Amino acid sequence: MERNVVVLLAGDSGDGIQLLGGQIVRAAAQSGRDVRTLSDFPAEIRAPQGTVSGVSGFQFRLAADSIHDPGARADCFVAFNAAAYTKYASQLKPGGLLLAASEGFDARSLALAKLPADADLLAEARAQFRVLEVPVKDLTLGALNEVSLGQRDKMRARNMLVLGILTWMYGMPTEVVETELHAVFRGDETNILAYKAGFNFAETLEVQDYRVALDRHDPERGTFKTINGSQAVALGLAAAAHQLGRPMLYSSYPITPASDILHELAKLQPEHVTVLQAEDEIAAVTSALGASFAGGLGVTASSGPGLSLKAEGLGLAVMTELPLVLIDVQRGGPSTGLPTKTEQSDLSQALHGRHGEAPLPVLAARTAADAFDTVLLAAKIAVECMTPVILLSDAYIAGSAQPWRIPEIDALPSITPPRGTAGEEAYARDAQGVRPWVAPGTPGGAHRIGGLEGEEGSGRISYDPANHQAMVRERAAKVDAAARLYGPLEIVQCCPEADTLVLAWGSTYGAVRSDVERRAAQGQNVDYIHLRHLHPLHPDLKPMVDRYRRVVVIEMNEGQLAHHLQGLWARPVESVCKTTGQPFTTEELAELWN
Amino acid sequence: MERNVVVLLAGDSGDGIQLLGGQIVRAAAQSGRDVRTLSDFPAEIRAPQGTVSGVSGFQFRLAADSIHDPGARADCFVAFNAAAYTKYASQLKPGGLLLAASEGFDARSLALAKLPADADLLAEARAQFRVLEVPVKDLTLGALNEVSLGQRDKMRARNMLVLGILTWMYGMPTEVVETELHAVFRGDETNILAYKAGFNFAETLEVQDYRVALDRHDPERGTFKTINGSQAVALGLAAAAHQLGRPMLYSSYPITPASDILHELAKLQPEHVTVLQAEDEIAAVTSALGASFAGGLGVTASSGPGLSLKAEGLGLAVMTELPLVLIDVQRGGPSTGLPTKTEQSDLSQALHGRHGEAPLPVLAARTAADAFDTVLLAAKIAVECMTPVILLSDAYIAGSAQPWRIPEIDALPSITPPRGTAGEEAYARDAQGVRPWVAPGTPGGAHRIGGLEGEEGSGRISYDPANHQAMVRERAAKVDAAARLYGPLEIVQCCPEADTLVLAWGSTYGAVRSDVERRAAQGQNVDYIHLRHLHPLHPDLKPMVDRYRRVVVIEMNEGQLAHHLQGLWARPVESVCKTTGQPFTTEELAELWN
Amino acid sequence: MELTAKNFQSAEEVRWCPGCGDYSILKQFTEVLASTGADPDRTVVVSGIGCSSRLPYYVDSYGIHSLHGRAPAVATGIKLANPDLDVWIITGDGDALSIGGNHLIHALRRNLNVPILLFNNEIYGLTKGQFSPTSREGQVTKSTPRGSVDHPLNPLTLALGAGATWVARSMDRSPAHLRDLLAQSQAHQGSALLEIYQNCNVFHDGAFEAWTDKATQALHAVFLEAGKPIAWGGTEPTHALAWNAGQPEVRALSRDFSLADAWIHDPSDRLKAFALAELEGELRPFGLLYAAKRPVFAAGQPAGTRPLREVLHSGRTWTVE
Amino acid sequence: MELTAKNFQSAEEVRWCPGCGDYSILKQFTEVLASTGADPDRTVVVSGIGCSSRLPYYVDSYGIHSLHGRAPAVATGIKLANPDLDVWIITGDGDALSIGGNHLIHALRRNLNVPILLFNNEIYGLTKGQFSPTSREGQVTKSTPRGSVDHPLNPLTLALGAGATWVARSMDRSPAHLRDLLAQSQAHQGSALLEIYQNCNVFHDGAFEAWTDKATQALHAVFLEAGKPIAWGGTEPTHALAWNAGQPEVRALSRDFSLADAWIHDPSDRLKAFALAELEGELRPFGLLYAAKRPVFAAGQPAGTRPLREVLHSGRTWTVE
Ligand SMILES: Cc1ncc(C[n+]2csc(CCOP(=O)(O)OP(=O)(O)O)c2C)c(N)n1
Ligand SMILES: Cc1ncc(C[n+]2csc(CCOP(=O)(O)OP(=O)(O)O)c2C)c(N)n1
Ligand code: SF4
Ligand code: SF4
Ligand SMILES: [Mg+2]
Ligand SMILES: [Mg+2]
């Protein structure tokens, strides 16, 4: 029996591809399969219908066992139209199944896709793939015969017809899907009729040969939902505000792909959380800092250009030693770059992108679900160490949905602000080097802070050379001490005799993990540590690393982490990297190093 | 005979200390001595008179041979008042000469300096130093007996009286000084009378014992003037505009210590150069870029906070592949930091402080005079490689004056813009990877550029993964190729059998050079390379470095260059650094490593 | 050779949403370039970031799609390096008024010699529908699911307050009016702020219907003409404004109050322009509200002229022979 | 216990130049804190960077000396996190109008509930004398040795144009007037922009002498009072403004034109406030030009209230048992 299958859905952005994908994820997850996804939107808001630039894609991988990436090339490709086929045909494995919606390959569709009127795409396809043409339009209209809607409106249910086919093909429980559909569409039967028609079509007639029964794995218990990275961050912030029990100001300026966090929080309205759409990124970070000065937790998020604009504000946060969380949802750079694509090329800037000696903790989330936990850790460090923290996410994490077990509130980590009673010197450090947090409103606590160098202890302006030297080192030491709040160093993969260690960080997790597991399965002795803590590094990392002859660092940039690690360790590491705006696939990694 | 002497002048900011220092530098230089200086202003615009925070200091070192730093502790300290003494007494060598202006130690002066009324500073001083009290006020008023001015105005000539004393003490030619004074004060005899009185006082009476005759070195021929780093940058830009023969826009927003470049250029009005005081740093860098797009050379300058704000603009310059020169006059950081102090802590940001993969050349000036040449190189690289370039200077270079031989215009390096005729693809690279510079106004050259990733060659928007990867690497390669414009790698100090190499950069040059020369003189085998090119490194550097067992990297930060070099070379280097806001002294360096 | 609008259309595929108001603005813009005899070699279109700011790609002239909010600063540099160029700024309500507010007011006060076309759709289009500084109180957007609480900025009063020398408003749906104002903005010596109501049919559809729709336009849109009474209501106006003790007053035209009694529009009157700009309710003015003469910026900032030798040798020098 | 001005003076040594107008402003500020019964524990003074922006150090309350131009944004965050705090913004003409122009106009349009004290000395003091956005055409400064070519921004018209709800002007040299306006600014619900003419005796000495000097003040300074005729000229006014067909007109008081005929100041009239703000010549208004009621910002942005459990479980969930 198959252990996993990769399916790619693509059609016009108006075809409801992402919605269809979302339904499949939920159905799969509820039926005990693991699932990972990858979305690909057009860069345009509304590209002209039927054109190649208007194609929206959704890939998912369904598996019997637990998996970590959405897979590389597809076993099955559902093409809603000629443009979709043109864009993604090369993604389908030779011999794979092409499920083509007949009407999407008619003359009009060819014209919209700027293809010659006589192009016979499906004939060409048959040379490489198994092709199953499905008259999606006719089936849909047929199913909705009784419904009193215009043809245009009926056609919106096409995606549900396909859902029905796929539900049957991958042996997912139709009861689950139907319950979902009832819940989503409330009373409206149109979509459910189309779904059932698709399911029946598949079962009774045509697609018997293509059925892939997947084993179910033993599902984890609990209450679940699907979340993407943006939602995970929003929920993580809500949880952090709850754990802190103080006001949180989420202040940000819209930018793709970070804005979805703003939308989520504005929609969710979690307790303690105020949402501000600031006039620009500088206002976003400085108003967040104002909130922190006032005794709340300031949070801001952005992507590339916005990170650049926040450099000065971060420096003030470093100097005033106030908590702040900055989430950078990385995208293709430099400059405006490739705003809808993914990349890990802001790492160096996160580490070094402020004038003066201005170190701060830098963390990275690996998946959507992991972003929830990492946001909580970032908030904990910010508050408990009184420091700004940068959390790196990226467009890939932000947009990929995965099933997530909703945690128990009791199990969330605590967030304990440092002492904040009056009468303390503004900068008197505790044993961990942390200054007190005496918020305005605290009786007798009046004091002034600012961006000028402060005298040790009192925080009063000081240009004294020895004081400056001491303060520079104390601020750095305080940041280094943040590592006390890390959990144990997690070794993802471990071979007893490995002399090669793979290091990666952020959203490459799924692909790298699959690649490493494949290598291990093939007898290559590699260990793997996926870094969540980019600064300071986990204290146990260096001793671990010293045990390996060879260290391979994998990332989606031109080797930024590799450069940084060499800088710290003064030992060679091998850099395996690419900067294409696309996530790594396991296939690609297999070829990139040996 | 003495080979060199270090003198410290200090008094109230109203006492004309800097002017006095300036006169001495010119007199010394014209009489064949080498001289290096160090100024220390109060951070306040006008601190209250007579207070410690209002003290202005000027240190100079006069030498028979060529020297590179202003010396560490002083042989002679001229204290104009009690506050100055309080601030700087510890800078005078034990047994050194304290030249005290009597009236500056009276009851009123003690009160202004917040000292007890019964403090007898000079009595205390006699325990450690040779003390010469000079009734500067009485002598000045006496000399100006005949002049019809109020006492207050007469007292402004006090500094010239001291100039007379020092001129005599250090055997500088009084003709030179007098010619200078005539030129500076035009018809006004007041200052010259005071000067002569000082000279005569010294010669005829009191200071015979303290005379230090310094040999003269054989002076370089040519026409000279004294310049500080700000003036050098302004002149360098004027020269660059001349060599380029196109408009230059110098656009900046005031900030200490970078603003003096703005003032100089506004005053000088060099041909081709337009000066714009922009509304903020973001406007400064983006308007400079606009000028570059329009076919001129955009130049901007700032210090710490301004560098942070320009990150996004620099990224656009990287992406649009337009020339741009950014001068960062570093000061104490992070945040507002220590605005009047010096530091080298913006290096990491200059190298890495932009989102996405956005490499650009980074150069550093070592002295005021060197800043002139380095600015020219920066402009040459910017134009000939079509790239933004960062030039690092610092507060120390900006403020220290030194004699400078005015170069012949014929001897200046050429600056040749890349081809710019119409019909070329906007991004078609030449053999060096440089794109054409087709400025608006060029017939038939219409094209569009921007911050989105461009298609190789045409520059049209492209999200293609392979294209993005290629463009990222081509932009980096183009920057790496800038090294072709470097001169030969200069080895400052070379011992035949050295196994230790010292690397330093920027304004530490004088102190490090003196320290290395001292070590060499004492038999320690050290070589020394002072880096002008921080990115890309000089191609000959790595092969050189490989010859040494030990590499010591000296800098005024927490080891930023050391980290970067380890990152590049994956070999250990020793970091010798401090972050105090003060330049290194040779004495200090002697103790910092061995 | 006479150029036509076609000559100003670039080969780049236009990628706005079908139905977007930007199409009409682009069309009128290229037509005005052609009709005013613009030279494509000397025309530079500068924009920030936003749907609107994509416009330069579609115009066959020089163009730079710069950074969000920074087009006025980029344009300032271009004009200073080469004042002979015809520079246009294309911007949106977010680009110009949110992140770019500072550069906008400084360009206006300096009187940089550039038309500034502000495409106001009361929304962030490109980032998919958050509220902008011109969004209305209560407007439901992606970032304000419960309605915006921010009080909107009025681009016209802001411009007047910043010392703008030319302030006007037009709309995507009135091509002739828009062309006329575009041509005027280009002719003005100095910063010309032209607000253009632009429909974003995806995220804030119909925002300006009251003024752009044939059915309601006559009731709500007041088309200003210098020297003419300020009146509206159809081909035969039914209403006019009176300037009553220093306040605008809406009057029905009648025997008691004829066009002769109405407020005569005088674009040189700054205060009255402010009064018109303040009409933020159902009644809104279109056309040129204000125009004044003031020296333009670039002219006041000439490049230096001192020869390099003189510059290098300036100040106190000495010579060793 | 009643606090006095002394209780609001911090121990920090005041480091402005001797003779600087900032001293008087600081003094009046602490006196107003005392007289209005401010609570030092709930008072927060927020500033940017500049000589003026050093003020928070000298006030014994909470204070943050933030970044150049960013005080309004910092204050916004403070107010959102804790609307109960009494927040003041201290800024300069460079801080507020050059680098900080964008945050200023957005604070004003949102009506953030904070007084904004703009110390206008028409120069950059802290950076030693470059021109600022309020410097005059032709003003010689370090960066304009041949005189500035920039047309100055008028902070009051800018504020009105941005939708400010409270706009006033005072001066360092009229302590009682300044104290009165400071107290009023604090009492206003919303953003209160108070421009304070402040003499920088080092880099732009005497800039405001015409209005601050006893000898000339009566001739040039018009002190506004609500409900009173707009008149000046000494204890017995000699001149007054008339509101003539919607334009201000200077009239000598005479039998033909008495105080009863003069323009009566009405701070609720926005258009007239704009007319007053536009007086940029020798005659300048002081006092409250404009005040209006509009909901304040912080109140419209309440923190969310949904319990965490509900938030975590929002949307489609499923349970595996
Ligand atoms: C520094 C920066 N911040 C944010 C963005 C994201 N962004 C791009 S366009 C835009 C707003 C566009 O709104 P508007 O100017 O009104 O243009 P429209 O799309 O409505 O025409 C934003 C926030 C960006 N590109 N750069
Ligand atoms: C980002 C940044 N840019 C520039 C500066 C330098 N700077 C400090 S204060 C100032 C201007 C001050 O002018 P103003 O606001 O009028 O205050 P004043 O000193 O006149 O009271 C400038 C340019 C800075 N500190 N930070
Ligand atoms: S999102 Fe709105 S403004 Fe942008 S292209 Fe689409 S319709 Fe036009
Ligand atoms: S420079 Fe001017 S504004 Fe600053 S403290 Fe001195 S006098 Fe006051
Ligand atoms: Mg918009
Ligand atoms: Mg000022």
Side-chain angles (χ1 to χ4, degrees), chain B residues 26 29-30 180 183-184 219-226 235 238-239 242 247 249 251 268-276 278-280 282-283 286-296 298 312-313 316 320 406-407 409 439-452 460-461, chain C residues 10-12 40-47 49 53 56-82 84-85 87 102-103 105-106 110 298 301-321:
Chain B
R26 276 196 292 277
Q30 289 180 55
E180 276 282 339
V184 173
E220 199 186 351
R221 262 134 255 276
T223 299
F224 292 80
K225 64 197 242 184
T226 29
L235 294 174
H242 179 270
L249 176 63
S251 182
L268 290 174
Q269 298 267 318
E271 50 180 347
H272 302 298
V273 180
T274 301
V275 174
L276 173 65
E279 61 269 26
D280 60 25
I282 298 177
T286 49
S287 58
L289 192 67
S292 294
F293 177 55
E312 193 199 13
L316 180 63
T320 52
I406 300 171
I409 294 178
T442 309
H447 68 281
R448 275 68 57 193
I449 60 173
L452 290 166
R460 287 169 66 176
I461 303 172
Chain C
S10 78
E12 196 85 31
D41 293 333
R42 292 196 311 102
T43 298
V44 188
V45 190
V46 182
S47 67
I49 305 283
S53 289
Y57 289 114
Y58 310 137
V59 179
D60 197 7
S61 70
Y62 288 90
I64 177 165
H65 178 228
S66 70
L67 295 176
H68 193 34
R70 317 303 174 189
V74 174
T76 301
I78 295 173
K79 279 299 251 188
L80 288 176
N82 186 352
D84 289 343
L85 298 172
V87 179
N102 200 35
H103 310 301
I105 61 180
H106 283 275
R110 290 189 188 122
Q301 290 286 99
T305 51
R306 286 177 73 202
L308 179 60
R309 225 198 96 80
E310 192 181 313
V311 166
L312 291 179
H313 286 260
S314 65
R316 301 282 313 137
T317 63
W318 68 90
T319 302
V320 181
E321 291 180 3

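Values below: all heavy atoms of this structure, side chains included; hydrogens, waters and symmetry mates excluded. Throughout, a chain's letter reflects where its sequence line sits, starting with A, and its residues are numbered from 1. Being a predicted model, the structure only gives us computed values, none of them experimental.
Contact annotation for C/H106: only side-chain heavy atoms (C-beta onward) come within less than 4.5 Å of a heavy atom of chain B. Using a 4.5 Å cut-off between heavy atoms, C/V59 touches chain B through its backbone atoms (N, CA, C, O) alone. Residue C/S314 touches chain B through both its backbone and its side chain, counting heavy-atom pairs closer than 4.5 Å. With a 4.5 angstrom heavy-atom cutoff, B/F224 touches chain C via backbone and side-chain atoms both. The part of C/L85 that comes within reach of chain B is its side chain, from C-beta onward, which places non-hydrogen atoms under 4.5 angstrom from that chain. Both the backbone and the side chain of C/E12 come within contact range of chain B, each with at least one heavy atom under 4.5 Å from a heavy atom of that chain.
One finds the CG atom of B/L452 at 13.5 Å from the CZ atom of B/R460 (value rounded to the nearest 0.5 Å). A distance of 6.5 Å separates OH in C/Y62 from NE2 in B/H447, rounded to the nearest 0.5 Å.
Closest non-hydrogen pair, C/S53 versus C/P56, comes out as O-CD, 3.1 Å. Considering all non-hydrogen atoms of both residues, C/S47 and C/A71 come closest at C-CB, 3.6 Å. Annotation for C/I78 and B/G290: closest pair CG1-O, 3.2 Å, computed over non-hydrogen atoms. Closest heavy-atom contact between B/L316 and C/H65: CD1-O, 4.5 Å. Summarising the geometry of B/I282 relative to C/H103, their closest heavy-atom pair is CG2-NE2, 4.1 Å, with the distance given to 0.1 Å. For the residue pair B/P407 and C/L312, the shortest heavy atom distance occurs at O-CD1, 4.2 Å.
Of the listed residues (B/L235, B/T226, B/T442, B/L249), the greatest number of heavy-atom pairs within a distance under 4.5 Å of chain C belongs to B/T442. Note on B/G451, B/S292, B/A439: by heavy-atom pairs under 4.5 Å with chain C, the leading option is B/A439. Contacts with chain B were tallied for C/R110, C/R309, C/E310; C/R110 has the most, counting heavy-atom pairs under 4.5 Å. When each of B/Q269, B/E279, B/E180 is scored by its heavy-atom pairs under 4.5 Å with chain C, the top score falls to B/E279. In terms of heavy-atom pairs under 4.5 Å with chain B, the best-connected choice from C/L67, C/T305, C/I105 is C/L67. Per-residue heavy-atom pair counts under 4.5 Å with chain C were compared for B/A238, B/A239, B/P440, and the maximum is reached by B/P440. Ranked by heavy-atom pairs under 4.5 Å with chain C, the list B/D280, B/T320, B/V184 is led by B/D280. Interface check for chain B: of the options C/I49, C/T43, C/N102, C/T76, the most heavy-atom pairs under 4.5 Å are formed by C/N102. Interface check for chain C: of the options B/I409, B/I461, B/I449, the most heavy-atom pairs under 4.5 Å are formed by B/I449. Among the candidates C/A81, C/S66, C/G63, the residue making the largest number of heavy-atom pairs closer than 4.5 Å to chain B is C/G63.
Within the structure, the salt bridge (Lys or Arg N to Asp or Glu O under 4.0 Å) test picks out the following pairs touching residues 60-79 of chain C (sequence neighbours left out): B/R448-C/D60.
The backbone N or O of B/H242 sits nowhere less than 3.5 Å from a side-chain atom of B/H272 that would complete a donor-acceptor pair.
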